Amino acid sequence: MTSLLDPDLRERSARTWRDADDDPPAPVVPDLLRPPAPGSVGLRERHRLLWQRHALRRERARAHLMTALDPDRGMPVATSRTVMAYLRGLLRERSRLVVLVTLANGLAAAAGLAVPLLVGRLVNAVEQTGGAPAPGLVRDIVLLVVLVLVAQAVLTYAAKGLAAVLGQGVLAQAREHVIRAVLRLPLGKVESASTGDLVTRVTRDVGSMSGAVRWALPEFIIGVVTVLLTVVFMVLNSWALAVPTLVTASLSLWQVRRYLQQAPAGYLLEGATYSDINTTLTETVEGVRTVEAYRMQHTRRSVGVDDIEVSSQAERYGLVLRNVLFAVMDMAFSLPRVITLVMGAWLYSTGAVDLGQITAAMLFIEMFYAPFDRLVGTIDRLQVGVASTTRLLGIAEVPADRTPGEDRPEGSTLVGRDLRYAYRPGHDVLHGIDLTLEPGERLAIVGPSGSGKSTLGRLISGIHAPTGGTVTVGGVEVTELPLELLRTEVALVTQEHHVFRGSVRDNVELARDGAGEDGVWRALATVDARGWVEALPQGLDTVLGSGNHELTPAQAQQIALARLILADPHTLVLDEATSLIDPRTARHLEGSMNALLTGRTVVAIAHRLHTAHDADRIAVVQDGRVVELGSHDELMAADGEYAALWRAWTS
């Protein structure tokens, strides 16, 4: 691609993406975390370095955990205690179903565990009769085994069905909780959060939580019930032959406990690295024209590679934890077989046990470790789910940015006094602005980019609470009004818009449910959208959104403006609301809106100064201060900042 930019300008701008100094940037992954080259060190040293890297990764995971728990740094995460309390609450609401799942699995496990006892009885009968047991006895035992297995199959089917109902019910309620939490997020917090973090939380984390709730939670109940009943049957068969299994299983539980203590921090770090990867990818794709213009492809690829390398280090920490756990579990599975067989032979020689007990004990060992192995695997899956759930529930822990009061507005006069706002403490972007908007007044806010126009508009509309001063409507602070009431008083439409997946009717009626077809058509006609909507294949019922009918940016903006018309607040804040519409359409659209909005207070923030020309008053904002305030004629006569802007625009 041939760049149209001046080479010197392109290089100067590209430097803003790089480090300010000439020193090479520090590697994202320290050299201590990189394995030595093959053949460079001996086996013992390689082993020592492996555990040294593991210790460093553990410290990085713990450091991230402490950062993630800090509510002042990005989107927070909930504590494990909060997650457990939340899950207990979900299960408590379904206590009867939990009891049924436990009971069904217990009966299914008991039926299956009866088989080794019956086989042991058959072995004893064969031994006692010198290999020729009575045919009736063999027939009865075989028939009993068949009946037990059929009963186990039926009970297992019922248990799986009940577990699925339990898991899906818990998942549905958890998802509703997450959606409500996301919709309650303060808009300022959403805008300040990393896009990749939000995307990862509502995609990967929801998927992990879904898998844990639908599969791991029921399997955990099944595994616990089966393991406990197997232990009971092993002890009833022969406590001496049960000792090797119980001892090795108890020793392996120490490693399981250690894993459960260390794994959550690792899984949280993994989730955070996935957020970073998503953020980098999103920024690169959204800014692809800028990347191409400044030939930053290599730089952006390098950033992506660095993110993946950091993520691989986080994954290696969890991989080592799992490998150690599985190695211990494999030893716990293998040793009892040998020890029990040797001990059984010795006890049989002393007459302490019979062949039937030894046979049953060996079968119980096989039956014990299959569910025990699944239980440990399920715990690992639950750990991933819990880590994701901490991130999802962390959304619900974001504090509200307002506390609704009981006072209600008397009138529609909007007043701002000594307004100040800081995105970072100690760095105000607005400095003591005073504004009074009378009902029906048209105020235009103009000024250079970055002067604070949009921030002022967000304070007026109650999106952000001022860090200093007050904004009142009808004598009541806008941030003390319930959001449902606030949006009937003051509404904001920005240059950003979103078309939801649904019909044109659904998209417009978002502003006021039950507005009716006539109300929707009037709103569309007001914003000059009726013509192209009528031309759609199904008119108002045409489905919009991803994978359906695609709108142009101008059409999508008109849908957003139609919502505003339908919402019908008395004060409207238009933050460059027509910036994506061509000037001719924008002028016609604003003219139509002027006819409709008579009697309402309108605050228009725009770069197109014809909006200011038609306004009752114009506020010129520069460096976070209102430097001029008056009508078009008054400001032109003053020959100040506005006059200079007007001459530059009209030329």
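Values in this document were obtained by computation on a predicted structure and should not be read as measured data.
- Residues D307 and D276 approach most closely at OD2-O, 3.4 Å, considering heavy atoms.
- In this structure the side chain of L166 reaches within 4.5 angstrom of the side chain of L91, judged on heavy atoms.
- Residues L281 and V285 meet the side-chain proximity criterion, which asks for heavy atoms closer than 4.5 Å.
- Applying the side chain to side chain donor-acceptor pair (under 3.5 Å) test to pairs two or more places apart or on separate chains, those with a residue in residues 149-169 are K160-E219.
- Considering every non-hydrogen atom in both P336 and T248, the closest pair reads CG-OG1, 3.1 Å.
- When all heavy atoms of A314 and T273 are compared, the closest pair comes out as CB-CG2, 4.1 Å.
- The distance from the CG atom of L319 to the NE2 atom of H54 is 10.5 Å, given to the nearest 0.5 Å.
- Around the CE atom of M84, the shell of radius 6.0 Å holds more than 12 heavy atoms that belong to other residues, nucleotides or ligands.
- Nearest heavy-atom pair, H64 versus A272, reported as atom, atom and distance to 0.1 Å: NE2-CB, 3.1 Å.
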Step-by-step side-chain hydrogen bond (donor to acceptor under 3.5 Å, both in side chains) determination, E315 to Y274: CA-CA 10 Å; E315 290 183 347; Y274 299 149; 2.5 Å; yes

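- Sorted pairs that involve residues 87-118 and meet ring pair (Phe, Tyr, Trp, His ring centres under 6.0 Å), not counting sequence neighbours, are lacking altogether.
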Taking distance alone, no hydrogens or angles, what donor-acceptor pairs closer than 3.5 Å link side-chain atoms of residues 231-246 to residues at least two apart or in another chain?
unit_1	atom_1	unit_2	atom_2	d
N237	ND2	Q357	O	3.0
S238	OG	L241	N	3.4

In residues 253-269, what donor-acceptor pairs under 3.5 Å come from side-chain atoms, sequence neighbours left out?
unit_1	atom_1	unit_2	atom_2	d
Y259	OH	Y267	OH	2.8
Y259	OH	D380	OD1	2.0
Y267	OH	R322	NH1	3.1
Y267	OH	D380	OD1	2.6

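- Residues that satisfy the salt bridge (charged side-chain N to carboxylate O under 4.0 Å, His left out) test with E270, not counting sequence neighbours, are absent from this structure.
- Judged as a ring pair (Phe, Tyr, Trp, His ring centres under 6.0 Å), the pairs with a partner in residues 79-106 (not counting sequence neighbours) are, in order, Y86-H177.
- Under the salt bridge (charged side-chain N to carboxylate O under 4.0 Å, His left out) criterion, R48 pairs with E45, not counting sequence neighbours.
- Residues satisfying the salt bridge (charged side-chain N to carboxylate O under 4.0 Å, His left out) test with R34, not counting sequence neighbours, are D31, E309.
- A heavy-atom distance below 4.5 Å is not found between the side chains of V142 and R139.
- For the ring pair (Phe, Tyr, Trp, His ring centres under 6.0 Å) test, residues two or more places apart in sequence or in another chain that qualify with F500 are H498.
- The two residues L97 and V165 have their closest heavy-atom pair at CD2-CG1, 3.9 Å.
- For the salt bridge (charged side-chain N to carboxylate O under 4.0 Å, His left out) condition, the pairs that include at least one residue of residues 327-353, sequence neighbours left out, are R337-E366.
- The two residues A361 and T340 have their closest heavy-atom pair at CB-CG2, 4.3 Å.
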Full working for side-chain hydrogen bond (donor to acceptor under 3.5 Å, both in side chains) between Q313 and R57: CA-CA 7 Å; Q313 292 295 327; R57 291 169 184 145; 2.7 Å; yes

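- At least one donor-acceptor pair closer than 3.5 Å links the side chain of T230 to the backbone N or O of T226.
- No donor-acceptor distance shorter than 3.5 angstrom exists from the side chain of S334 to the backbone of M331, with no hydrogens or angles considered.
- Side-chain atoms of S40 never come within 3.5 Å of backbone atoms of P36 as a donor-acceptor pair (strictly under, hydrogens ignored).
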Output side-chain donor-acceptor pairs under 3.5 Å for residues 100-118, partner residues at least two apart or in another chain, one line each.
unit_1	atom_1	unit_2	atom_2	d
T102	OG1	V98	O	2.8
N105	ND2	V101	O	2.7

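- For R94, there are no salt bridge (charged side-chain N to carboxylate O under 4.0 Å, His left out) partners, not counting sequence neighbours.
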